[in-house]
Structure formats: structure tokens, C-alpha cells
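Structure first, then comments.
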Amino acid sequence: MTDGKLRVLIPSEKIQARIRELGEQISRDYPNGNLTMICILKGASFFMADLARAMTRDVFIDFMGISSYGKGKSTSGEVRVTKDLDISLEGADVLIVEDIVDSGVTLNYLMHLLDQRRPRSIRIAALLDKPDRRLRPVHVNYVGFQIPDEFVVGYGLDYAERYRNLDSICVLEDSGVAVAAPA
Ligand code: IMP
Ligand code: MG
């Protein structure tokens, strides 16, 4: 990890404390019914693991692979399912678990896709939200932290598949790669 400088934006303890709050809040909001948490791979995998354990009720979990980014810092505007769910969503309360909402392209697409599978309800939990960057409308029901328009890595988030295993959320500075304008 030599190219690019990392500045801690949200330390690990703050992430964990916020996720405990979210787990309690979401559990209260779903007192009964089948709740299926869908992790959007790979970035949300750390958030999913901690959020699921912060829930005070039983949940189903499943994983979905979506590709919209390539190796750069900005969305290509193109969304593709690379791994579909294993379980049916019919009649289930669905909670999409995402690492970050940026342009909103990914979640806007996903909401439409999953809605066709006849769930009882769909909500979104995102650890991070960059509201300044929105291109498509997305209603995020549960947000961990709103952050400014800076490229972040760690706690699941990557830059070209690196830095996912950092336990804090960090801003990647001086990486030598310009932040491209959204497509
Ligand atoms: P959107 O479709 O533009 O909202 O992009 C959502 C996806 O882009 C996220 O799931 C992340 O994988 C990726 N992404 C957006 N912003 C960042 C960032 O600051 N760091 C790392 N990945 C990001
Ligand atoms: Mg992602």
C-alpha cells in the first residue's frame, strides 16, 4: 500500500457503534415476518457481517454480485448482475445492504430488478451516502454516515480491489489517478 496516502475519515470504533444502533433500529422496524438481508458484493460484505450480528431478530441472508464500476473511481453507468440470489424473495421483507450510494445508478437498477420478484417490501441500508453525487433518485432508508464527495476505501470498499481489509474508512489521497467525471 505505497501508492496513495490514506487519511482516516471514520475510525473503526465509530463504524461499529453506528452499526449497533442501526441493527437495533432495523430490528425494531421489522417486528415480524421474514426479513431477507441482501449483501451487494463485494464492498458490502464487511457491513453485512457486522449489521447481521447487530440485529436482535432472526434474518435470512443472501448475496448478489453487481458490477458497475470497472477499475476506476467513477461509475460507467452500466450495471450487470454477476451473481444472482439463491433464495426466492416472494412475500419477504427485503433489506438491500450496500456499502455506499454514490451516483445511485446501482441501487436504482437493483430496486427495479428485485421489485419484479414480488417481495412484500424493499428497503435499503447503506453504510455510506455521498448525496452530492446523485444522478438517479434512490431512497435510502438507513444510512450509516453521510460523507463529502471524496473517494474512500476500507471496511469493504476498494480502489482497484485494494484496501478492502482496512478496519477504518479512509480517504485515498494522492493516488495519482484523477477522479473521472460520472458518465
Ligand atoms: P453508484 O452506482 O454510483 O451509486 O455506485 C455504487 C458503487 O460504487 C458502490 O457499491 C461502490 O462499489 C462504488 N463506489 C462509489 N463510491 C465509492 C468510493 O468512494 N470508494 C469505493 N467505491 C465506491
Ligand atoms: Mg459496490
Side-chain angles (χ1 to χ4, degrees), residues 10 14-69 75-147 149 152 155-158 164 169 182-183:
I10 311 172
K14 253 183 101 176
I15 298 173
Q16 295 303 328
R18 181 68 185 124
I19 291 175
R20 273 194 297 277
E21 286 177 0
L22 284 175
E24 283 163 19
Q25 184 191 348
I26 297 168
S27 302
R28 275 197 305 274
D29 290 352
Y30 294 92
N32 39 50
N34 286 343
L35 179 58
T36 302
M37 298 174 69
I38 298 178
C39 171
I40 308 307
L41 295 170
K42 303 171 197 171
S45 56
F46 293 64
F47 179 38
M48 171 72 148
D50 287 336
L51 183 61
R53 284 178 292 182
M55 301 287 288
T56 56
R57 56 156 292 159
D58 190 33
V59 295
F60 293 88
I61 66 169
D62 205 347
F63 297 84
M64 191 161 200
I66 294 277
S67 139
S68 64
Y69 250 49
T75 184
S76 62
E78 218 176 275
V79 182
R80 202 161 49 91
V81 174
T82 55
K83 186 224 169 283
D84 209 335
L85 301 171
D86 296 325
I87 59 182
S88 159
L89 299 183
E90 201 160 336
D93 289 310
V94 169
L95 182 68
I96 299 175
V97 179
E98 177 60 305
D99 51 3
I100 186 166
V101 194
D102 187 33
S103 71
V105 169
T106 307
L107 280 173
N108 184 284
Y109 168 85
L110 208 60
M111 285 294 280
H112 289 109
L113 183 80
L114 297 183
D115 201 40
Q116 292 163 14
R117 302 187 184 182
R118 303 161 160 278
R120 188 165 79 156
S121 69
I122 309 186
R123 287 187 183 176
I124 297 173
L127 181 64
L128 304 173
D129 183 14
K130 278 191 212 171
D132 298 346
R133 301 251 310 168
R134 210 70 95 243
L135 296 174
R136 302 273 164 81
V138 176
H139 181 63
V140 187
N141 306 83
Y142 305 99
V143 176
F145 304 91
Q146 285 204 348
I147 63 166
D149 181 9
V152 290
Y155 196 72
L157 291 125
D158 73 308
R164 290 194 197 273
I169 308 266

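- Residue-environment remark: CG (Asp58) stays at or below the threshold of 12 foreign heavy atoms within 6.0 Å.
- Taking CD1 of Ile66 as the reference point, atom CG of Asp84 lies at 8.5 Å (rounded to 0.5 Å).
- Side-chain contact between Tyr142 and Leu51: absent, with no pair of heavy atoms (C-beta onward) separated by less than 4.5 Å.
- Using a 4.5 Å heavy-atom threshold, the side chains of Asp50 and Tyr155 count as touching.
- You'll find the side chain of Leu128 reaches within 4.5 Å of the side chain of Ile10, heavy atoms only.
- Between Met48 and the options Asp99, Asp62, Ile61, a side-chain contact (heavy atoms from CB on, under 4.5 Å) holds for only Ile61.
- Distance check, rounded to the nearest 0.5 Å: CZ of Phe145 to CD1 of Ile169 gives 8.0 Å.
- The side chain to side chain contact (heavy atoms under 4.5 Å, CB included) check on Ser27 picks up Met55, Thr56, Arg57, with sequence neighbours excluded.
- Ile100 places a side-chain heavy atom less than 4.5 Å from the side chain of Ile147.
- Side chain of Arg134 to backbone of Asp102: a donor-acceptor contact under 3.5 angstrom is found.
- Within the 4.5 Å cutoff, the side chain of Ile38 has heavy atoms near those of the Leu89 side chain.
- The CE atom of Met64 sits 10.5 Å away from atom CG of Asp86, with the distance rounded to the nearest 0.5 Å.
- With hydrogens and angles disregarded, no donor-acceptor distance shorter than 3.5 Å links the side chain of Asp129 to the backbone of Gln146.
- At least one side-chain heavy atom of Leu114 sits less than 4.5 Å from a side-chain heavy atom of Leu85.
- For the pair Lys83 and Leu41, the minimum side-chain heavy-atom distance is below 4.5 Å.
- Counting heavy atoms from C-beta on, the side chains of Arg123 and Asp29 come closer than 4.5 Å.
- Here the straight-line distance linking atom CE of Met37 with atom CD1 of Ile96 works out to 12.0 Å at 0.5 Å rounding.
- Heavy-atom neighbours of Arg117 CZ from other residues, nucleotides or ligands within 6.0 Å: above the threshold of 12.
- Applying the side chain to side chain contact (heavy atoms under 4.5 Å, CB included) rule to Glu21 yields the partners Arg18; only residues at least two apart in sequence or on another chain are considered.
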